[in-house]
Amino acid sequence: MNTGAASQAVGSAPEPAGELGRLLSGPASTIAPRLLGLVLTVGERSGRIVEVEAYEGPDDPASHAFRGPTARTEVMFGPPGHLYVYLSYGVHWCANIVCHPDGVAGAVLLRALEPLTGVDGMWSDRPAAKRETDLASGPGKLCAALGITDRNNGVDLLDNTAPVRLQRPADHRSVSGSGFAVGPRIGITKAVDRPWRFGIADSPHLSRRFP
DNA sequence: TACCCGATTTACT
DNA sequence: GTAAATCGGGTAT
């Protein structure tokens, strides 16, 4: 239903609204560092994104979208600003923010979060955590802390009525402008050389230190 | 229909 | 530091 002309009409196309929408649209490896410092909200719980990883499409062997769309990965091929949730190792939910244009696969895995509000609720869903810095210091932990499951797969993060929302705090520009670290992605066996993991360098809430 | 394996976390040695 | 837990998707019969 998209014509070639429509896909070029960036200014007036029904892309995610506002400045945040524009921030989310582009190559995953470019968008990923810009997501650092954004605030993710689920009900009463919210946190600041401090660590992410980029996963692209047909050119990225480590990406779920590498071999084309499937029932599981179709969200990754949809419009940017939506949430792609999958089950890892049959145990943990992991959440990604879709960022490539509609029809082109690409997403950013959310790896760690600094708890801001609803921290008591996070503790009740993360009984194994020993410190507040461990509540969401990993992709599976992050989803557990916020209560994200496959129920939330495909939700529009920019919809104010959605159960999961993404917001930009006033100080985001300064946060993204400096002080983030880069390194290789974690836990993958393919394309391990690509430095597509990004994090706020001095955050104590990272899943792991950067090299 | 069967088998293999993973964008991880946790507990235990 | 190492291994177990656990299950749905993807690829191969």
Side-chain angles (χ1 to χ4, degrees), chain A residues 24 27-36 38 40 47 49-78 80 82-100 104-115 122-154 157 164 180-200 204-211:
Chain A
L24 290 179
S29 53
T30 301
I31 300 301
R34 300 184 189 166
L35 299 184
L36 298 173
L38 294 183
L40 192 67
I49 297 171
V50 298
E51 184 185 336
V52 297
E53 277 178 3
Y55 286 90
E56 301 202 335
D59 298 331
D60 182 3
S63 172
H64 287 173
F66 181 56
R67 295 175 192 280
T70 67
R72 175 177 62 148
T73 62
E74 63 176 343
V75 174
M76 276 185 80
F77 292 80
H82 289 241
L83 196 67
Y84 165 51
V85 181
Y86 70 93
L87 187 62
S88 175
Y89 285 84
V91 182
H92 309 283
W93 296 109
C94 296
N96 304 249
I97 296 176
V98 177
C99 58
H100 282 202
V104 182
V108 176
L109 172 68
L110 303 177
R111 286 196 55 90
L113 203 80
E114 173 186 338
M122 295 189 194
W123 277 109
S124 65
D125 279 337
R126 285 275 304 127
K130 297 186 175 63
R131 313 166 173 236
E132 186 168 311
T133 51
D134 294 328
L135 276 177
S137 60
K141 298 175 183 178
L142 183 155
C143 286
L146 289 181
I148 293 175
T149 69
D150 62 337
R151 272 186 317 111
N152 303 303
N153 189 37
L157 296 168
V164 186
F180 66 85
V182 184
R185 293 178 289 185
I186 294 176
I188 58 172
T189 56
K190 300 159 188 164
V192 292
D193 54 310
R194 301 191 194 186
W196 284 355
R197 175 182 176 230
F198 306 90
I200 294 177
H205 302 269
L206 298 175
S207 66
R208 281 161 64 169
R209 295 279 166 197
F210 279 81

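Residue numbering restarts at 1 for every chain, and letters A, B, ... go by the order of the sequence lines.
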Exercise. Within this structure, what is the CZ-to-P distance between Arg131(A) and dT9(B), rounded to whole angstrom?
Worked result: 18 Å
For this session: Taking all heavy atoms of Val50(A) and all of Glu114(A), pick out the closest pair and write down the distance.
Result: CG1-CB, 3.9 Å
Exercise. Which heavy atom of Arg185(A) sits nearest a heavy atom of Trp196(A), and at what distance?
Worked result: NH1-CE3, 3.6 Å
For this session: In sequence, state the C-alpha distance, the side-chain angles, and the governing distance for Arg194(A) and Asp59(A), and then conclude on salt bridge (charged side-chain N to carboxylate O under 4.0 Å, His left out).
Result: CA-CA 12 Å; Arg194(A) 301 191 194 186; Asp59(A) 298 331; over 6 Å; no
For this session: Would you indicate which nucleotide in dT8(B), dG6(B), dT6(C) comes nearest to any side-chain atom of Val91(A)?
Result: dT6(C)
Problem set entry | Residues Leu24(A), Val108(A); criterion side chain to side chain contact (heavy atoms under 4.5 Å, CB included); working and verdict | CA-CA 10 Å; Leu24(A) 290 179; Val108(A) 176; over 6 Å; no
For this session: Step by step, work out the salt bridge (charged side-chain N to carboxylate O under 4.0 Å, His left out) result for Glu53(A) and Arg111(A).
Result: CA-CA 7 Å; Glu53(A) 277 178 3; Arg111(A) 286 196 55 90; 3.6 Å; yes
Exercise. For Leu109(A) and Pro139(A), which heavy atoms make the closest approach, and how far apart are they?
Worked result: CD1-CB, 4.2 Å
Exercise. Base, sugar-phosphate alone, or nothing: which one does Ile188(A) contact when heavy atoms must sit under 4.0 Å apart?
Worked result: sugar-phosphate
Exercise. Could you state the CZ-P distance from Phe66(A) to dG6(B), rounded to the nearest angstrom?
Worked result: 15 Å
Problem set entry | Along DNA chain B (nearest heavy atom to each residue), the more 5'-positioned of Ser63(A) and Ala129(A) | Ser63(A)
Exercise. Rounding to a whole Å, what distance do you find between Trp93(A):CH2 and dA5(C):P?
Worked result: 21 Å
For this session: Please evaluate the base of dA5(C) for a donor-acceptor partner in the side chain of Tyr89(A) within a cut-off of under 3.5 Å?
Result: no
Exercise. Can you check the Glu53(A) CD to dT8(B) C1' distance for me, whole Å?
Worked result: 12 Å
Problem set entry | Rounded distance (Å) that lies between atom C1' of dC7(C) and atom OH of Tyr86(A) | 14 Å
For this session: Could you check how far NE2 of His92(A) sits from C1' of dA7(B), rounded to whole Å?
Result: 12 Å
For this session: Would you classify Ala128(A) as touching base, sugar-phosphate or nothing, given that sugar-phosphate means primed atoms plus P, OP1 and OP2, and contacts are heavy atoms under 4.0 Å?
Result: sugar-phosphate
Problem set entry | Whole angstrom value for the distance that separates C1' of dA7(B) from CG of Asp193(A) | 16 Å
Exercise. Which letters describe nucleotides 8-13 of chain C, given B = protein heavy atom under 4.0 Å from base, S = only from sugar-phosphate, - = neither?
Worked result: -SSS--
Problem set entry | Least distance between heavy atoms, Ala28(A) atom then Tyr55(A) atom | CB-O, 3.6 Å
Exercise. If only atom types and distance count, is the side chain of Asn153(A) paired as donor or acceptor with the main-chain N or O of Val85(A) below 3.5 Å?
Worked result: yes
For this session: Under 3.5 Å for both distances, Watson-Crick or G-U wobble, that's the pair rule; now give the dot-bracket for DNA chain B, with | marking pairs to another strand and [ ] for crossing ones.
Result: ||||||.|||||.
For this session: Please determine if a side-chain N or O atom of Arg126(A) lies less than 4.0 Å away from the OP1 or OP2 oxygen of dT10(B).
Result: yes
Exercise. Rounded to whole angstroms, how far apart are CG on Asp60(A) and C1' on dG6(B)?
Worked result: 15 Å
Seminar exercise, completed: Between Ala105(A) and His100(A), the two heavy atoms sitting closest are O-ND1, 2.7 Å
